[in-house]
Each structure stands twice: as C-alpha cells, then as structure tokens.
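In what follows, a structure is listed as structure tokens, so that the remarks can point back to it.
Chain letters run A, B, ... following the sequence lines, proteins first, then strands; residues in each count from 1. Note that these values count all heavy atoms, side chains included, but never hydrogens, waters or copies made by symmetry.
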Amino acid sequence: MIDIKLLRDNPDLVRASQRSRGADESLVDSVLAADEKRRTSLQEFEALRGQQKSVSKNVGAAMGALNAAKKKGEPTEDLERAAQQARDDATTLSARVKELEQGAAEAGRDFESRLKQLDNVVLDGVPPGGEDDFVELEKVGEPTRFDFEPLDHLALGERLGAIDMERGAKVGGARFYFLTGVGARLELAMLNMAVAQAVEYGFTPMITPTLVRPEIMDGTGYLDAHEDVYHLPADDLYLTGTSEVALAGYHKDEIIDLADGPRRYAGWSTCYRREAGSHGKDTRGIIRVHQFQKVEMFVYCKPEDAVAEHQRLLAWEREMLGKMELPYRIIDTAAGDLGGSAARKFDCEAWVPTQGRYRELTSTSNCTTYQARRLNTRFRTEEGRTEPVATLNGTLATTRWLVAILENHQQADGSVVVPKALQPFLGLDVLKPL
RNA sequence: GGAGGCGUCGCCUAGUCAGGUCUAUGGCGCCCGCCUGCUAAGCGGGUUUGGGGCUACAACCCCAUCGAGGGUUCAAAUCCCUCCGCCUCCGCCA
C-alpha cells in the first residue's frame with residue numbers, strides 16, 4: 001500500500017510510476033475520488049455521533065436523577081417525563097447515526113480496496129517497460145568455456161547420483177525431484193554456507209513457517225498473483241513461495257525498535273510454487289520446480305536507509321556468487337517486471353553453459369514502506385512519531401544454484417570440482433560419477 | 001477430536017456477575033520539571049494506537065480503539081453470536 005498523503009500531494013509521480021510499469025493510470029484518480037468520498041462521509045458520521053453521545057449522556061443523567069428520587073420517595077412524574085423525552089431524542093438520532101456509520105464504513109472499505117490495487121511507486125532510475133527492458137549493470141567473470149562438450153546439470157546430476165527426476169515425478173508429479181547422495185549433501189552444504197555468511201554479517205538465522213494465514217500472504221502482496229500460490233482450502237492456509245512471506249509477517253502489527261540499526265533476518269525454508277503460468281518452460285531438470293530450498297535475507301530498516309541497504313544486500317549476494325566461483329551478470333529489472341510490492345529490483349543471473357545464457361540465481365527487492373503499510377509494521381522516529389518501516393529482501397542461495405555449480409565446474413570425465421569456499425561445508429573437493 | 005479457563009492503552013492490574021460521570025483504576029517502567037555536594041529518595045506533571053478537522057506535519061478539537069468482527073440497546077470493557085490466540089485436562093498421533 002502506498003502513502004495516501006503522497007498520492008494527494010503528488011499524484012503525477014504516482015501516475016508516472018504506473019505508466020512506467022504499464023499499469024492502469026486511471027486508478028490514481030479513482031483512489032483520489034474514493035478518498036474524498038471517504039473523508040466527507042466520515043465527517044458527517046462523526047459530527048452526528050458526537051451529538052448522539054451527548055444526548056445519550058442526558059439519558060444516563062435523567063435516569064440517575066429518577067432513580068435517586070424513587071429511592072428517597074420523592075415525586076417522580078416530572079423526572080420520568082424528562083427521562084422519556086431524552087430517550088426519544090436519542091432514539092431518533094440513533095437510527096440516522098447507524099446509517100451514516102455504515103456509509104462511512106463502506107466508503108472506507110471502497111477507498112482501501114482501491115488504494116491496495118496501486119503498485120509501489122518505482123524509484124528514480126528504474127528502467128521503464130517490461131521483462132525484456134532490463135538494464136545490464138555489470139558482468140562478473142567470463143562465460144565458462146570447455147574444450148569438450150559440456151553436459152547439462154541433469155545429465156551430470158544423474159551420473160553423479162545427485163538428482164533423480166523420474167522418481168520425483170512418480171512421487172510428486174511433474175516438476176518434483178529427489179536430491180540424492182552427494183546432491184542432497186551439496187544442497188545442505190550450500191545452504192549452510194549461506195547461513196554462515198549471513199550470521200557473519202549479523203543476521204539472525206530463522207527457520208520459518210511455510211504455511212501462513214491469508215492476511216500474511218495478502219500483506220506481502222503475493223495474493224495478487226494468487227494463481228501461483230498453493231492454497232489449502234480445508235484450513236484456509238497458503239504455502240509460501242519464499243520465507244520472505246513469514247519474515248515480513250513476523251513483525252506484523254508491531255512497533256519495532258530501529259534505534260540500533262536495521263533488523264536483519266536470514267530465513268531458511270522450503271518454498272512452494274505452482275508455476276501455473278510457465279507450462280512448457282524449463283521442463284528439464286531442477287531449474288523450475290514446485291518445491292525447493294532457499295536462504296533468504298530479509299531486512300527491516302528506516303525508509304531513508306533503504307537504498308543503501310539494498311546495495312548491501314546486493315553486495316552480500318555477490319559475495320556468495322563469488323565464493324561459488326560462478327560467472328554472472330547483474331541486471332536492474334524494468335518497472336513492469338517488478339512485483340507490485342517492489343520499488344526496485346536487482347537480479348544476479350549466472351551463466352548456464354548448456355543454455356548459452358544467464359539465468360536468475362538471486363533477486364533483491366527494495367519494497368520501501370509498501371509491505372510495511374499493509375502489515376502495519378512501524379518504528380518510532382526520534383521525534384517520537386510512528387512511521388512505517390522499509391522492508392527489503394534478497395536471495396543468498398537456492399536449489400537452482402546447483403544447476404550453475406554443476407555445469408560451470410564440470411570436467412571432461414563428468415566429475416565436478418567443488419568451489420573452494422564450499423569444500424569445508426561439504427567435506428569433498430570433487431564429485432565423481434558413480 | 002472432547003471439556004474447561006482466559007485475552008483491558010509497554011509490563012502487571014481494577015472494572016465484567018447486577019450496561020449509564022469508565023472521559024478505563026492503581027502499580028512498575030519510561031519522559032519532562034522541581035528539590036538536592038553526587039547518587040538514591042522525595043514532590044509535581046506526562047505517557048495506547050489509528051483516523052478526521054484546523055494547521056506550522058505544532059497546539060487544540062472531534063471520532064474510533066478494552067484480542068478481531070458482527071448483534072441487542074437511547075447507551076456495551078460489561079449482555080448475545082462467530083472467529084482468532086494463549087493456558088489446563090482428556091483422547092489420538094510422528
């Protein structure tokens with residue numbers, strides 16, 4: 001949810017943002033109109049409610065006087081008449097107040113549902129346009145070259161006894177897999193390495209719920225893309241596609257202390273995605289699967305620190321990729337390809353030799369105060385006011401990384417060299433075919 | 001799955017049975033001031049959150065807020081219903 005004050009003061013900024021996303025610009029005016037209506041009906045209701053309260057108080061006073069007189073045995077006729085009169089006045093008002101109250105509530109709901117439809121305002125410098133309009137910021141390393149015909153990650157994985165797609169499909173269906181033997185060990189080693197790095201930089205490691213309530217899923221903005229989210233109707237719970245969801249919900253309805261700097265969490269969770277819109281894409285291997293593991297960084301910070309923090313998250317992702325000795329590039333995602341919550345997003349894409357192109361391994365988003373407004377997470381400013389915090393997230397490692405690791409570090413005999421930094425976590429320096 | 005208890009403005013707590021100066025009590029903590037060799041103590045004041053009005057985003061005024069949402073009523077912390085959460089006991093289960 002964006003700041004309604006920003007929208008009132010600077011609607012053109014929001015219009016421009018919607019335009020660069022390719023989203024609906026007219027939503028801006030519909031929100032402004034709904035805001036106007038909400039405030040008018042609220043004022044009407046509140047004015048009459050004030051009247052009703054004071055009249056109702058007269059009833060209380062009249063009843064008190066009447067009861068006192070009865071107790072003393074004094075004549076009560078006048079008092080009874082006065083009490084009845086006050087009650088009648090109040091009854092008339094009451095009906096009208098109820099009407100106005102419902103009108104105000106309705107206007108409030110209408111306003112909020114419209115406001116929620118607006119995506120976050122993109123930051124200065126974000127390239128306009130869609131998926132293909134990203135800007136490449138930097139290339140790190142050179143695409144790996146081989147003096148033999150490289151195998152793809154699945155062929156390698158099968159030879160190493162690391163990946164079993166066939167039995168994955170038997171058990172879970174398409175896009176499910178087993179990691180076996182060194183495959184399972186490799187993933188655990190990588191994830192542990194990611195957590196170790198996070199801890200080194202002061203993150204609190206977290207193992208999070210992967211089933212969440214609707215309001216949490218909605219608060220992070222993922223419910224807008226609900227066709228990609230697993231839902232358990234019997235319990236009305238959602239399976240999370242990233243621990244970001246649980247970590248964003250962690251401080252819902254709280255006023256957190258940011259006086260000592262940002263709150264940094266590293267969430268480890270299994271992630272579930274329906275991949276409903278990607279039938280036929282990446283059907284081979286573990287590039288795009290329904291279930292995978294991820295270590296995710298999540299940060300709560302003051303809004304004015306968010307841009308700098310975003311760069312830090314990117315730097316931590318780069319450090320991980322560097323330790324995996326992978327060639328990659330960094331892209332500045334175009335506005336139309338941002339999630340509704342993000343104001344800017346940088347992806348790191350690693351070179352996948354058998355595809356001859358770069359594929360996303362990490363993604364870091366600055367959601368500014370957008371998620372925090374929906375989830376009601378605030379901090380106290382030095383002046384003592386409460387304000388929404390900024391939230392950011394970024395990937396430290398996922399199952400998909402195994403694709404890049406296997407393919408880039410393969411040798412002619414089908415073995416795979418383990419990156420130096422990973423060796424202590426895995427306890428192996430090379431993976432050999434069975 | 002069954003039975004019972006509980007949820008009050010940071011923490012604890014009074015109020016709920018018998019609806020009406022509840023404009024929610026008191027303590028702790030915290031903030032400001034006074035007093036004071038220093039510290040402590042003492043004294044006085046302040047201290048939920050959200051929204052609206054008016055504005056200097058101040059002060060002030062108004063509305064809502066007693067887990068959440070409905071209902072009854074002139075009037076709800078208080079009565080009724082639904083939901084959520086916590087605790088205890090029983091049952092079942094990795």
- Could you state the interatomic distance from CD (Glu319(A)) to OH (Tyr201(A)), rounded to the nearest 0.5 Å? 3.5 Å
d([atom1], [X]; [atom2], [N]) in whole Å:
X	N	atom1	atom2	answer
Glu254(A)	rG50(B)	CD	P	14 Å
Glu215(A)	rA68(B)	CD	P	14 Å
Arg109(A)	rG69(B)	CZ	P	12 Å
Lys5(A)	rU55(B)	NZ	P	16 Å
Glu112(A)	rG50(B)	CD	P	15 Å

- Item | ring-ring contact (aromatic ring centres under 6.0 Å, His included) partners of residues 203-222 of chain A, not counting sequence neighbours, each pair once | Phe203(A)-Trp316(A)
- Task: Under 4.0 Å from any atom of RNA chain B, heavy atoms only: list the residues of residues 374-383 of chain A that qualify, in numerical order.
- Result: Arg378(A), Arg380(A)
- Message: Tell me which residues in residues 90-108 of chain A lie within less than 4.0 Å of RNA chain B, going by non-hydrogen atoms.
- Response: Ala90(A), Thr91(A), Ser94(A), Lys98(A)
With a 4.0 Å limit, can you tell me whether [X] has a side-chain N or O closer than that to the phosphate oxygens OP1/OP2 of [N]?
X	N	result
Arg39(A)	rG53(B)	yes
Gln52(A)	rC74(B)	no
Gln43(A)	rG52(B)	no

What pairs of nitrogen or oxygen atoms, one from the protein and one from nucleotides 82-86 of chain B, lie under 3.5 Å apart?
from, atom 1, to, atom 2, distance (Å)
rC84(B), O3', Arg213(A), NH2, 2.4
rC84(B), O2', Arg213(A), NH2, 3.3
rG85(B), OP1, Arg213(A), NH2, 2.9

Taking only N/O atoms, report every protein-nucleotides 60-62 of chain B pair under 3.5 Å with atom names and distance.
none

Can you see whether [X] engages [Y] through a side-chain donor-acceptor pair at a distance of less than 3.5 angstrom?
X	Y	result
Glu187(A)	Thr399(A)	yes
Asn120(A)	Ser341(A)	no
Arg21(A)	Gln18(A)	no
Lys294(A)	Thr395(A)	no

- Query: Quick one: ring-ring contact (aromatic ring centres under 6.0 Å, His included) partners of Phe379(A), sequence neighbours excluded?
  - Reply: none
- Item | All ring-ring contact (aromatic ring centres under 6.0 Å, His included) counterparts of His409(A), not counting sequence neighbours | none
- Arg114(A)/Asp35(A) salt bridge by N-O under 4.0 Å criterion: no
- Salt bridge between Asp3(A) and Arg373(A), side-chain N to carboxylate O under 4.0 Å? yes
- From the options rG51(B), rC63(B), rC57(B), select the nucleotide whose nearest atom is closest to the side chain of Arg385(A). rC57(B)
- Item | Parallel, tilted or perpendicular: rings of Tyr238(A) and His231(A) (30°, 60°) | parallel
- Message: Between Trp268(A) and Leu396(A), is the side-chain contact (heavy atoms from CB on, under 4.5 Å) condition met? List the steps.
- Response: CA-CA 10 Å; Trp268(A) 171 320; Leu396(A) 263 196; over 6 Å; no
- Task: May I have all residue pairs that pass side-chain hydrogen bond (donor to acceptor under 3.5 Å, both in side chains) and include part of residues 205-215 of chain A, sequence neighbours excluded?
- Result: none
- Task: Under the salt bridge (charged side-chain N to carboxylate O under 4.0 Å, His left out) rule, collect the residues that match up with Glu44(A), sequence neighbours excluded.
- Result: none
- Message: So, using salt bridge (charged side-chain N to carboxylate O under 4.0 Å, His left out) as the criterion, who are the partners of Glu106(A) when residues are at least two apart?
- Response: Arg109(A)
Considering only distance and modelled atom types, tabulate donor-acceptor pairs under 3.5 Å from the side chains of residues 308-315 of chain A, sequence neighbours left out.
from, atom 1, to, atom 2, distance (Å)
Glu309(A), OE1, Arg264(A), NH2, 2.9
Glu309(A), OE1, Arg312(A), NH1, 2.3
Glu309(A), OE2, Arg264(A), NE, 2.7
Glu309(A), OE2, Arg264(A), NH2, 3.3
His310(A), NE2, Thr364(A), O, 2.9

- Message: Please report the distance separating the C1' of rC84(B) from the corresponding atom of rG69(B), rounded so that it comes out in whole Å.
- Response: 10 Å
- Please state the P separation for the pair rC83(B) and rC60(B) - nearest whole angstrom. 44 Å
- Task: Name the residue closer to the 5' end of RNA chain B, choosing between Phe45(A) and Arg38(A) according to the nucleotide with the nearest heavy atom.
- Result: Arg38(A)
- Item | Pairing pattern in dot-bracket form [Watson-Crick, G-U; both distances under 3.5 Å; | = partner strand] for RNA chain B | ((((((((.[[[..)....(.....]]]((((((.......)))))).(((((......)))))..[[[[[..)....]]]]])))))))....
